[in-house]
Amino acid sequence: MAYHHLDASAASELTYRAVGATAGRLPPGLPGSLCVRKRIGRGRGVFAVAARELSEFRLHRAMGVEMCASAPRAAPGVRVRVGIGPRAVRVRCACRVVWTRCDGSAAGWAYGTLPGHLLSGEEAFALRLEPDETVVLTVTAFSSPAAGWVRAALPLVRLFQRAYAHWCGAVLRRLVRSHRHRAGDSGKECNLGET
């Protein structure tokens, strides 16, 4: 597996302990765990396009999410500011990419929360090319409230997180369809470990 992880010195600023837990099966007992799988399409070309859209933050931007990143691609240590909501009341939160993965059948990345984020935890976006050539996006997360009002609104926050994960799959599927002319790519552009 071609995982690249954040080094310990950069991880010290994160606001939670289980750094990198979304890279595999989540350990039991993590708060607010979420795992949503969505089929994106079939074939290596679909995988290559989806991996590029994901690694270059295009998926999130296509969802209307403000994504300000310190590098053009996801890589361990890249800082990301995520903004969600209408401009007048947009909530902006700081994160750092904690791991990336890229090999012939898997690609993805995860970010963890930094001080000032409303939640404390990690969220991962991982693509897999299954043996039957089905391409699947899995959104995995765990989090606990980091702000008092979030604790009070936790049931709504959890509903939003689940809806957001499903929306990621729908938007990535649409992006791949809109790039069919690029879908014959070999996947060589899947360089998540590079900045």
Side-chain angles (χ1 to χ4, degrees), residues 1-40 47 50-51 53-60 63 65 67 69-71 73-82 84 93-103 105-130 135-146 150 154 157-172 190-193 195:
M1 293 183 193
Y3 279 103
H4 302 277
H5 292 274
L6 188 64
D7 66 42
S9 62
S12 66
E13 196 180 355
L14 296 168
T15 60
Y16 62 101
R17 290 193 175 139
V19 176
T22 57
R25 267 189 217 274
L26 291 180
L30 283 176
S33 296
L34 167 79
C35 185
V36 172
R37 289 174 45 93
K38 301 298 281 184
R39 185 181 183 278
I40 303 304
F47 175 78
E53 296 299 302
L54 183 61
S55 72
E56 295 177 357
F57 307 112
R58 291 183 197 155
L59 165 61
H60 292 77
M63 294 171 63
V65 174
M67 284 293 275
S70 63
R73 290 179 179 257
V78 169
R79 290 180 69 98
V80 179
R81 188 183 74 220
V82 180
I84 298 175
C93 299
C95 301
R96 176 172 282 142
V97 176
V98 297
W99 64 259
T100 60
R101 181 177 183 193
C102 181
D103 60 36
S105 63
W109 55 272
Y111 52 32
T113 57
L114 292 171
H117 199 293
L118 300 175
L119 296 170
S120 177
E122 193 169 293
E123 187 169 29
F125 308 89
L127 285 169
R128 180 118 186 111
L129 180 64
E130 302 290 350
V135 179
V136 176
L137 172 70
T138 302
V139 179
T140 308
F142 63 89
S143 63
S144 57
V150 176
L154 200 53
V157 170
R158 297 297 184 224
L159 279 174
F160 173 79
Q161 287 177 312
R162 185 162 294 282
Y164 182 83
H166 284 279
W167 188 25
C168 285
V171 171
L172 187 56
C190 179
N191 296 320
L192 293 174
T195 57

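FYI, the numbering just counts along the sequence from 1.
Partners of Arg37 according to the side chain to side chain contact (heavy atoms under 4.5 Å, CB included) rule, which considers only residues two or more places apart in sequence or in another chain, are Glu130, Val136, Thr138. For Ala18, the side chain to side chain contact (heavy atoms under 4.5 Å, CB included) test picks out Ala21, Leu30, Phe142, with sequence neighbours left out. Taking Arg79 as the reference, Glu13 meet the salt bridge (Lys or Arg N to Asp or Glu O under 4.0 Å) condition, with sequence neighbours excluded.
Ring geometry, Phe125 versus Tyr164: the interplanar angle exceeds 60°, so the pair is classed perpendicular (tilted spans 30 to 60°). A perpendicular orientation is assigned to the rings of Trp109 and Phe57, their planes being inclined by more than 60° (bins at 30° and 60°).
Between atom CG of residue Asp103 and atom CZ of residue Arg128 there is a gap of 7.0 Å, rounded to the nearest 0.5 Å. Here NE2 of His5 is found 8.5 Å from OG1 of Thr100. Values are rounded to the nearest 0.5 Å. Here Leu119 contributes atom CG and Tyr16 contributes atom OH; the two are 12.0 Å apart, rounded to the nearest 0.5 Å. Rounding to the nearest 0.5 Å places CG of Leu114 at 12.5 Å from CZ of Arg81.
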From CA spacing to verdict: side chain to side chain contact (heavy atoms under 4.5 Å, CB included), Lys38, Cys168:
CA-CA 9 Å; Lys38 301 298 281 184; Cys168 285; over 6 Å; no

Between Ser143 and Gln161, does a side chain to side chain contact (heavy atoms under 4.5 Å, CB included) hold up when you go through it step by step?
CA-CA 10 Å; Ser143 63; Gln161 287 177 312; 3.2 Å; yes

Please walk me through it: do Leu118 and Val157 pass side chain to side chain contact (heavy atoms under 4.5 Å, CB included)?
CA-CA 10 Å; Leu118 300 175; Val157 170; over 6 Å; no

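Side-chain atoms of Val82 and Met67, non-hydrogen and from C-beta on, do get closer than 4.5 Å to each other.
Residues Pro76 and Val98 approach most closely at CB-O, 4.5 Å, considering heavy atoms. Shown here for Cys93 and His117, the closest heavy-atom pair between the two residues is CB-CD2, 3.1 Å. Between Ala50 and Ile40, the shortest heavy-atom distance links the atoms CB-CG2, 4.5 Å. Heavy-atom minimum distance, Ala124 versus Trp99: CB-CZ2, 3.6 Å. The two residues Leu34 and Ala165 make their nearest non-hydrogen contact at CD2-CB, 4.2 Å. Closest approach of Val135 to Leu127, counting heavy atoms only: CG1-CD2, 4.0 Å.
No donor-acceptor pair closer than 3.5 Å links the side chain of Thr140 to the backbone N or O of Thr22. The backbone N or O of Gly20 lies less than 3.5 Å from a partner atom in the side chain of Glu122, making a donor-acceptor pair.
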